[in-house]
Asker: 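Here it is, the structure, as structure tokens.
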Amino acid sequence: MTDRLTPIIIVGARGRMGKTLIREITISDSMVLEAAVDRSSGPGLGMDAGRIAGLHDLGIAVTDELRPRRSSVVVDFSLAQATDANLRRCQEAGVPLVLGTTGLHKTTRELLRAAAKDIAIVSAANFSVGVTLLTRIAGLVAHALGDQWDAELLEIHHSHKRDAPSGTALRIAKSIAKATDRDPETSLRHDRADPHARPRERGEIGVSVIRGGDSVGEHTLMFLTDGERLELTHRATDRAIFARGALRAARWVVDKPPGLYTMSDVLGLAGLS
Ligand code: NAD
């Protein structure tokens with residue numbers, strides 16, 4: 001890691017995450033906004049990126065062309081359909097990519113793996129540092145507790161969320177399944193509230209869902225056994241946590257060799273078993 005400011009290019013600059021990323025960069029003392037990119041249609045193209053983010057002018061106009069300079073890092077929170085083209089640009093320019101866009105197509109995932117032979121890429125569906133840790137320690141704890149403990153996960157999100165359970169809840173449950181040699185396809189149980197539900201079976205991983213209000217996202221993992229209960233909770237109160245995590249990844253990846261990395265790598269957790 002050097003002392004120089006890391007130049008960051010934001011793709012999806014006019015979006016909710018793009019604006020949050022721009023705000024976080026301007027208050028950082030280790031990064032500088034190099035460029036702000038968004039699609040060609042829609043309002044705001046040519047406008048100052050700082051203005052769009054609700055700040056003062058930064059002297060950087062939002063453009064529809066991604067032209068990375070070799071020393072910069074591209075941080076892309078835009079649209080799954082745009083990922084292939086953005087990835088190609090980064091590969092051609094030889095610059096690292098931090099990819100937060102979700103809903104990636106299978107063929108895009110294959111392209112990511114191929115491009116990671118040439119450039120360093122950090123891809124994560126959830127850049128929260130806390131959620132990354134919770135997902136990682138869920139497996140470690142489940143493994144240590146053994147099969148006399150029941151695992152139950154409860155997630156809460158705002159009323160507009162479409163998918164249930166959340167992708168994060170599924171990843172936490174799968175992390176438990178993997179660490180305890182259970183089949184993630186068959187061991188997850190979603191029907192606790194069903195009037196015809198059968199009693200709990202040993203080895204199940206229960207996943208329950210609550211929707212309402214403006215909750216940014218809560219995940220509570222419970223391990224229950226006779227006489228005691230262990231609970232691990234992550235509570236998100238501000239979407240800026242995803243931007244901060246992604247920018248932490250951008251500073252980390254800037255001098256890394258080509259490869260496909262996760263937030264666990266960024267946090268130094270990947271080697272832990
Ligand atoms: P948004 O709809 O507010 O913003 C998306 C932006 O991308 C828009 O400004 C849109 O114009 C722009 N865009 C669309 N096509 C483009 C293209 N071809 N080139 C450049 N820009 C383009 O959405 P959002 O809430 O900011 O989320 C963006 C993405 O990030 C989504 O996929 C979302 O699921 C994901 N996300 C990931 C995390 C994480 O931690 N990984 C956290 C939050 C959101």
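Small disclaimer: the values here were computed from a predicted structure and weren't measured. For ligands, and for the atoms within them, numbers begin at 1 and follow the listed sequence. We count residues from 1, following the sequence as given.
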Asker: Nearest protein heavy atom to atom 40 (O) of ligand 1, by residue and atom, and its distance?
Answerer: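 Heavy-atom neighbour on the protein nearest atom 40 (O) of ligand 1: Phe127 N, 2.8 Å.
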Asker: How does Leu66 reach ligand 1, by side chain, by backbone, by both or by neither, if only non-hydrogen atoms under 4.0 Å count?
Answerer: neither
Asker: Considering only the protein, which heavy-atom contact is closest to atom 26 (O) of ligand 1, and what is its distance?
Answerer: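 Residue, atom and distance for the closest contact: Met17 N, 2.8 Å.
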Asker: Once you restrict to heavy atoms under 4.0 Å, what part of Ser128 touches ligand 1? Side chain, backbone, both or neither.
Answerer: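 The answer is neither; Ser128 stays 4.0 Å or more away.
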Asker: Tell me: protein heavy atom nearest atom 16 (C) of ligand 1, and distance?
Answerer: Arg39 CB, 3.5 Å
Asker: Ion pair present between Asp194 and Arg192, side-chain N to carboxylate O less than 4.0 angstrom?
Answerer: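 The answer is no: the pair does not qualify as a salt bridge.
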Asker: Quick test: of every protein heavy atom, which one is nearest to atom 23 (O) of ligand 1, and how far off is it to 0.1 Å?
Answerer: Arg16 NH2, 3.8 Å
Asker: May I ask whether Ala124 places a heavy atom under 4.0 Å from ligand 1?
Answerer: yes
Asker: Just need the protein heavy atom nearest to atom 39 (C) of ligand 1, so name the residue and atom and give the distance.
Answerer: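 Scanning the protein heavy atoms, the shortest distance from atom 39 (C) of ligand 1 goes to Ala125 O, 3.3 Å.
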Asker: With atoms numbered from 1 as shown, which atoms in ligand 1 lie under 4.0 angstrom from a non-hydrogen atom of Thr101?
Answerer: 32 (O)
Asker: For Gly42, state whether at least one heavy atom is located under 4.0 Å from any atom of ligand 1.
Answerer: no
Asker: What residue and heavy atom of the protein are closest to atom 9 (O) of ligand 1, and at what distance?
Answerer: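 Ranking protein heavy atoms by distance from atom 9 (O) of ligand 1, first comes Asp38 OD2, 2.7 Å.
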Asker: Below 4.0 angstrom from a heavy atom of Phe242, which ligand 1 atoms are there? Numbered from 1 as shown, please.
Answerer: 40 (O), 42 (C)
Asker: Hey, is ligand 1 close enough to Phe77 that some N/O pair sits below 3.5 Å?
Answerer: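 N/O-N/O distance below 3.5 Å does not exist for this pair.
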Asker: Using the rule salt bridge (charged side-chain N to carboxylate O under 4.0 Å, His left out), only one of Arg69, Arg67, Arg70 pairs with Glu34; which is it?
Answerer: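 With Glu34 as partner, salt bridge (charged side-chain N to carboxylate O under 4.0 Å, His left out) holds for just one option, Arg69.
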Asker: Given 3.5 Å as the limit, does a donor-acceptor pair link the side chain of Arg202 with the main chain of Asp150, or not?
Answerer: no
Asker: Any ion pair linking Arg182 and Glu204 (charged N to carboxylate O, less than 4.0 Å)?
Answerer: no
Asker: Answer yes or no: is there an ion pair linking Arg89 with Glu65, defined by an N-O contact shorter than 4.0 Å?
Answerer: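 Result for this pair is no, no salt bridge flagged.
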Asker: Given Gly100, Ala80, Ser78, which has its nearest heavy atom closest to atom 29 (C) of ligand 1?
Answerer: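 Among Gly100, Ala80, Ser78, the closest heavy atom to atom 29 (C) of ligand 1 comes from Ser78.
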Asker: Would you say the side-chain atoms of Asp118 pair up with the backbone N or O of Gln91, donor to acceptor, closer than 3.5 Å?
Answerer: no
Asker: Do Lys106 and Glu110 sit within salt-bridge range, that is, some charged N less than 4.0 Å from a carboxylate O?
Answerer: yes
Asker: Using a strict cut-off of less than 4.0 Å between a Lys/Arg side-chain nitrogen and an Asp/Glu carboxylate oxygen, indicate whether Glu155 and Arg211 qualify as a salt bridge.
Answerer: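 Looking at Arg211 together with Glu155, the answer is yes, because their closest N to O distance falls below 4.0 Å.
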Asker: List ligand 1 atoms under 4.0 Å from Val11, heavy atoms only on the residue side.
Answerer: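 Within the 4.0 Å cut-off of Val11, ligand 1 contributes 20 (C).
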Asker: Within the 4.0 Å heavy-atom shell around Ala82, which atoms of ligand 1 are there?
Answerer: 17 (C), 18 (N)
Asker: What is the nearest protein non-hydrogen atom to atom 34 (O) of ligand 1, stated with its residue, atom name and distance?
Answerer: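 Protein heavy atom at minimum distance: Thr102 OG1, 2.6 Å.
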Asker: Give the residue and atom name of whichever protein heavy atom lies nearest to atom 4 (O) of ligand 1, and the separation in Å to one decimal.
Answerer: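 I find the closest protein heavy atom is Gly15 CA, 3.1 Å.
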Asker: Under the 3.5 angstrom rule, does the side chain of Asp76 hit a backbone N or O of Ser78 as a donor-acceptor pair?
Answerer: yes
Asker: For His234 and Thr168, which I'm curious about, is there any donor-acceptor pair between the side chains at under 3.5 Å?
Answerer: no
Asker: Strictly by modelled atom types, are Thr83 and Asn86 linked by a side-chain donor-acceptor pair under 3.5 Å?
Answerer: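 On atom types as modelled, these side chains do not qualify, holding no pair under 3.5 Å.
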